[in-house]
Amino acid sequence: MARVWKFGADIDTDQIVPGRYAPYMRPDADVGEAAFIEARPEFAKTAQPGDVIVALENFGCGSSREYAVEALRRRKVGAIFALSFARIFYRNALNLGIPLFQAPEIVEALQDGDEITLDIPNGRLIRGEQVFQLPELPKFARDILSAGGIIPYVRKYGRFPGEA
Amino acid sequence: MGQTLSEQILSHAAGRTVRSGDFVVIEPDVVMSHDSLTPGIIKILRQELGIEKVKYPERLVFSMDHVAPASTVGTADAQNLVRRFAQEHNIRLFEVGRGICHQVLVEEKIAMPGKVVIGSDSHSTSYGAVGAFGTGMGSTDVALAWATGKTWLRVPETLRVTVKGRFRIGVDAKDLALKLCREITIDGANYMTVEYHGLDWLPLSNRQTLASMAVEMGAKAGIVPPTGVIADDFPAPSWLSIDPEAVYARTVVVNLNDLEPQVSVPHAVDNVADVSDVAGTKVSVIFIGTCTNGRYEDLRIAADILRGKRVASGVRLIITPASSRELNRAAIDGTLSVLLEAGATLTTPGCGMCMGRHQGTLGEEDVCLSTANRNFKGRMGSPKARIYLASPAVAAATALKGVIADPREL
Ligand code: SF4
């Protein structure tokens with residue numbers, strides 16, 4: 001079972017990983033340990049692989065720092081659900097292979113601490129008796145995710161999504 | 001059907017007519033990265049892409065600005081790695097002290113009208129100040145652009161800002177930028193380009209303030225048409241012009257004649273108040289700098305307010321010019337000595353304390369009034385510190401009073 005970590009609106013990248021915890025500032029540290037280190041220290045300490053993040057509008061706004069996404073990847077976040085995403089974050093997350101869904105119904109239903117099962121291959125999220133359908137992602141996003149990220153995608157196909 | 005500036009620039013780059021919503025794969029003219037992320041991009045190139053070669057080294061630009069000069073052995077080693085890489089690959093590198101990437105690329109005329117500039121930094125929207133399509137990307141996208149010379153983009157919709165009137169005394173482009181964040185909100189321009197119209201009279205430094213802050217509304221790019229007072233210095237290619245038939249997703253009209261000085265209140269950029277609503281708030285640090293407001297013109301506004309006076313006791317005024325050229329301009333005409341005589345402290349041109357990593361990192365009790373662009377919790381140091389954002393004039397007035405003050409009431 002995975003745990004739901006619920007956040008509010010406008011979670012910025014400084015909250016996900018403050019600039020002072022950038023790999024540049026701490027070359028020997030694991031950036032995964034800095035995930036939400038100040039904004040949600042409990043997450044930093046106890047989040048388990050497969051746990052999901054649920055947030056309101058504009059998740060990941062602010063800087064382009066990919067290490068914010070990298071920190072979540074290192075923690076093996078299973079998916080991110082939000083009412084909306086900031087564009088650079090959305091792109092960075094796809095690039096690093098983290099599934100992310102604009103899913104109002106799921107965001108509304110899930111509460112912090114809920115125990116769920118995420119079944120991405122079958123497009124489902126299960127909480128107790130309830131089964132939620134995952135919204136379908138745009139094709140380019142599905143293609144990047146199924147390759148495991150943009151670098152495996154480009155290495156596999158020798159081109160960018162949408163390139164002839 | 002008419003085209004927005006983004007559609008024109010991306011059509012030109014793609015070699016075919018494109019519309020908002022289309023996906024394009026293009027070759028950016030310039031790929032910028034700075035000291036904070038270039039070491040990681042080199043690592044992605046080598047370890048994940050498994051290559052050493054950069055496709056078009058002449059299109060790459062490195063700048064040393066985020067932690068400049070280095071503050072730890074780790075940052076120093078990482079910077080040396082970047083220097084070695086630049087030398088081996090023949091890549092232009094702007095050294096420690098030269099200034100903030102977004103300022104330097106405009107000064108050096110690397111960003112020009114109609115160019116596509118991508119950067120490893122969200123404030124790469126700044127290049128729109130000279131009519132370029134500038135946008136920020138993550139390290140992996142930048143590494144792929146190094147390797148292949150290409151990147152992919154979705155052509156954005158455009159939000160048109162129509163500006164009427166002129167600034168009143170004590171009000172400037174920063175107030176307009178904050179007002180727009182207030183109206184459009186922190187995600188109101190998500191995925192879009194913001195195009196600013198009615199500003200032919202607006203000087204370059206002010207255009208840079210606006211374009212840098214487009215990203216604070218979520219925008220992918222923020223473009224001021226390269227017409228009017230900057231047209232001679234930044235000539236536009238013949239294919240780029242304002243198209244009266246262009247289709248905009250939304251239009252916002254702002255009248256400068258009734259614009260008051262604006263202040264963004266902790267902890268969100270779009271949490272904006274009129275200065276009168278927050279006047280009297282005690283501060284401990286005033287920071288004048290960044291790609292948004294660290295230019296000569298900004299220092300000059302502050303100097304005109306501080307001339308012959310001293311900053312209030314109990315406050316620190318930290319000034320970080322955006323570039324060596326801006327610093328030199330302020331030195332040549334005495335602006336700098338006015339600021340120093342008033343009690344300001346000066347740091348190396350670059351990002352300074354904007355990101356809380358060096359040269360003034362905030363502690364728990366600090367309340368900072370900054371001319372920067374972000375006041376997220378923890379942005380400049382302790383997550384308990386409080387950050388207000390305002391114009392250089394409000395910053396100088398606040399430095400004099402020790403509390404947030406209206407420059408028009410001095
Ligand atoms: S001055 Fe601040 S906002 Fe501008 S590039 Fe530097 S760190 Fe980023």
Side-chain angles (χ1 to χ4, degrees), chain A residues 9-15 17-29 31 37-39 57-59 61-70 83-97 138-140 144 149-155 158-164, chain B residues 22-25 35-37 39-40 44 48-50 66-67 71-72 74-75 77-78 119-124 135-144 147-148 150-152 154 156 185-187 190-191 215-216 218-220 267-268 270 355-357 361 374 376-383:
Chain A
D10 303 322
I11 299 297
D12 58 76
T13 51
D14 276 271
Q15 294 187 50
V17 177
R20 288 166 292 118
Y21 294 84
Y24 183 44
M25 303 304 288
R26 307 190 320 151
D28 300 326
V31 70
I37 190 159
E38 288 169 351
E57 296 85 0
N58 201 27
F59 186 79
C61 62
S63 96
S64 66
R65 60 186 67 160
E66 190 175 271
Y67 54 82
V69 178
E70 177 61 18
L83 295 182
S84 62
F85 293 93
R87 65 161 271 282
I88 304 180
F89 183 92
Y90 186 81
R91 187 172 169 129
N92 284 345
L94 285 181
N95 282 348
L96 297 193
K139 184 170 181 324
F140 75 94
I144 294 172
I150 189 74
I151 287 191
Y153 182 98
V154 171
R155 293 189 78 154
R159 57 172 179 77
F160 286 95
E163 187 177 11
Chain B
D22 291 350
F23 282 82
V24 292
V25 176
D35 58 316
S36 172
L37 296 169
I44 296 170
E48 292 181 43
L49 286 160
H66 274 59
V67 180
S71 62
T72 61
T75 52
D77 287 342
S120 73
D121 187 281
S122 61
H123 291 101
S124 301
T135 196
M137 291 188 181
S139 301
T140 296
D141 278 318
V142 174
L144 281 167
T148 65
K150 293 185 278 199
T151 195
W152 64 281
R154 183 180 163 282
T185 78
I186 193 167
D187 63 348
N190 201 2
Y191 297 103
V215 71
E216 306 311 334
K220 186 174 206 158
H267 298 280
D270 62 346
M355 265 211 306
R357 294 175 177 182
T361 307
R374 277 188 187 142
F376 300 143
K377 230 181 233 184
R379 168 81 181 174
M380 299 175 75
S382 168

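What's counted below: heavy atoms across the whole structure, side chains too, no hydrogens, waters or symmetry copies. Every chain is numbered from 1 and lettered A, B, ... according to where its sequence line falls, protein lines coming before strand lines.
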*Shortest non-hydrogen contact from Y191(B) toward F85(A)*: OH-O, 3.5 Å

*Taking all atoms of both residues into account, what is the closest heavy-atom pair of F160(A) and T151(B), and its distance?*
CZ-CA, 4.3 Å

_Residue selection (most heavy-atom pairs with chain A, distance under 4.5 Å) from D121(B), V24(B), T361(B)_ =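 Top option by heavy-atom pairs under 4.5 Å: D121(B).
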
*Between T72(B), I186(B), D270(B), the one whose heavy-atom pairs under 4.5 Å with chain A are most numerous*: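 If we count pairs closer than 4.5 Å to chain A, I186(B) comes out on top.
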
Under 4.5 Å from any heavy atom of chain A - which part of [X]:
X       : value
D141(B) : both
F23(B)  : side chain
S120(B) : backbone
V67(B)  : both
A219(B) : backbone
L37(B)  : side chain
D35(B)  : both

*asked:* What's the separation between atom CZ in R65(A) and atom OG in S122(B), rounded to the nearest 0.5 Å?
replied: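 Going from CZ on R65(A) over to OG on S122(B), the span is 8.5 Å.
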
*Among E163(A), R155(A), R91(A), which has the most heavy-atom pairs under 4.5 Å with chain B?*
R91(A)

*Would you mind telling me which of D10(A), D12(A), L96(A), I150(A) has the largest number of heavy-atom pairs within less than 4.5 Å of chain B?*
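Among D10(A), D12(A), L96(A), I150(A), the one with the most close pairs to chain B is D12(A).
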
With a 4.5 Å limit on heavy-atom distance, are the side chains of [X] and [Y] in contact?
X       : Y       : answer
L49(B)  : I151(A) : yes
H267(B) : Q15(A)  : no
S84(A)  : D187(B) : yes

*For the side chain of R374(B) and the backbone of G62(A), is there at least one donor-acceptor N/O pair under 3.5 Å apart?*
yes

*asked:* Determine whether a donor-acceptor pair (N or O, by modelled atom type, separation under 3.5 Å) exists between the side chain of R20(A) and the backbone of G381(B).
replied: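 It does hold such a pair.
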
